[in-house]
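Just so you know, these numbers use all the heavy atoms, side chains as well, and skip hydrogens, waters and symmetry mates.
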Amino acid sequence: MGWLRNLAVVLVVSGVSCQDDDDELSQEKKLCQDKSAGELFRLKAGKDACRDVIQCTAAGLQAIRCPPGLAFDLEKQTCDWKWAVKNCDKLTREKKVKPLLVTDEPLCQQENWLACGDGNCIERGLFCNGVKDCNDGSDENACDIETDPNRAPACDKSICKLPDCFCSEDGSEVPGDLCPENDRCERVPQMVMITFDDAINNNNIDLYKEIFNKQRRNPNGCDIKATFFVSHKYTNYSAVEDMHRLGHEIAAHSITHNDNETFWTDATVEDWAKEMAGSRLIIDKFANINDNSVVGLRAPYLRVGGNHQFTMMEEQSFLYDSSITAPLKNPPLWPYTMYFRMPHRCHGNLQNCPTRSHAVWEMVMNELDRREDPTIDEDLPGCAMIDSCSNILTGDQFYNFLTHNFYRHFDQNRAPLGLFYHAAWLKNNPEFLDAFLYWVDEVLEQHPEVYFVTMTQVIQWIQNPVSTDSAKNFTPWQEKCSPGPRVHCLVPNSCKLSTDELPGEALRMHTCARCPNKYPWLNDPTGDGFI
């Protein structure tokens, strides 16, 4: 779906040039008088005309047509699949009334009350809370990081202090005092975070065994580690249990992995709790993880859920999120806490970033530079998930890509380097896997200051920064250092299950725990069969 958002190949069909005729001019003025700059709208409603839109330009009206199979979504202002567009019956996108937040004279007499678009006053706290409290609904129409009246304040280092809070004005500052003025960072360990999203099962277990083969070790002698954002359906919980036993981090990635991206953007606090806290409950029970270590989450499709998502995370005691993408930047960003304002813009099409203060860490996803030769190639937008870097076509290209981005972090502020994968990308491209493993081995051999660690281990270092010399003895990085072979649950239970929530589906779930009565799902995460 992401490529549709960036679809730049909307077809210019014709430019309706300005006519000398006064009637034509007045008609055009009427059409354009209430339109914002660049806004696209329809002349004719209906499914048959849903591909066609018009734009007001300095040269007159310009007609634009989406490619076959797509329709134009007025709210998103982009082409999308026909089935996903729900406003073919409308000519223009909904005009939203803005609240009167900035006026020459205050409109509201009470302290901490603000004016709706119609001049009526309500309490400041009611603005941008997901409920329309103004008669005209304007209290929910100015809610981004720049306009939310209840937005988080800018970073204040006199208040924000480690280990509980970390922020900086532009996000690039190194924690602690190991790298004065963000220069000469030789004493800072270079952390690399490998992550994999979605189900762990027979399709990828052998891949993970090949990458984490117990021969690849960090400079402290411990096996390299990774973080797995596990979605529920098709997951083998016996394998999840083994990954946890080996010291990898298991994090939540939802129960349903709902493929309607707007679901995640608009989901309520309760929706997020069912998906993510429910996912953690399933992981804890069926992968026998009882050390409270499932503390992170990533939103499916990286569709951030705004304040609702982060409110849920506070209520359900999640430590960190890793769904927010930061645009390609030099130097890259360090993770930060959400008590204060994000140090970068909300990046991505139609993203719903949190605006308020939240007691949650953000393991920000720095975009990677995908240019083959950064010295001569023109600027290209970055990519966060590696499989979205569509210009990587060969193993050599991938090796060069990894090397360039590694040194972009290593030679600057040593912000943790995130390599975010879906297993299928490496599994289906052996050449890329070979290049990746060659690169990992080379880095481990040449750089005694590089550690492949989990996201929680990165936070533990930020909370208590130690130098590269001391990193070898840093206790949090020595946990489950190099476990031996598995000795129990060599043959897990294979449970054939169904649930009333997924009528007609029979699903098999592998677990070392006892088989549940029903397949665990949103309203019955323990699988007891009581909904």
Salt bridge (Lys or Arg N to Asp or Glu O under 4.0 Å): which pairs involve residues 270-288, sequence neighbours left out?
-> K285-D528
Under 6.0 Å between ring centres, would you say that holds for [X] and [Y]?
X: Y301; Y: W264; result: no
X: H344; Y: Y336; result: yes
X: H510; Y: F286; result: no
X: F229; Y: H257; result: no

Is atom OH of Y234 surrounded by more than 12 heavy atoms (other residues, nucleotides or ligands) closer than 6.0 Å?
-> no
So F196 and F212, would you call those rings parallel, tilted or perpendicular, with 30° and 60° as cut-offs?
-> perpendicular
Should the ring pair F398 and Y421 be called parallel, tilted or perpendicular, given that the plane angle runs from 0 to 90° and is split at 30 and 60?
-> perpendicular
Tabulate below the donor-acceptor pairs under 3.5 Å that side-chain atoms of residues 435-442 make, not counting sequence neighbours, or state none.
| from | atom 1 | to | atom 2 | distance (Å) |
| --- | --- | --- | --- | --- |
| D441 | OD1 | R216 | NE | 2.7 |
| D441 | OD2 | R216 | NH2 | 3.4 |
| E442 | OE1 | Y399 | OH | 2.5 |
| E442 | OE2 | Y399 | OH | 3.1 |

Looking only at heavy atoms, what is the nearest atom pair of N493 and C515, with distance?
-> CB-SG, 3.9 Å
Contact check, side chains of R42 and C50, non-hydrogen atoms, under 4.5 Å = yes
Test item: K214 and P483 side chains (from C-beta on) under 4.5 Å apart, heavy atoms = yes
Roughly how far apart are L333 CG and T325 OG1, rounded to 0.5 Å?
-> 11.5 Å
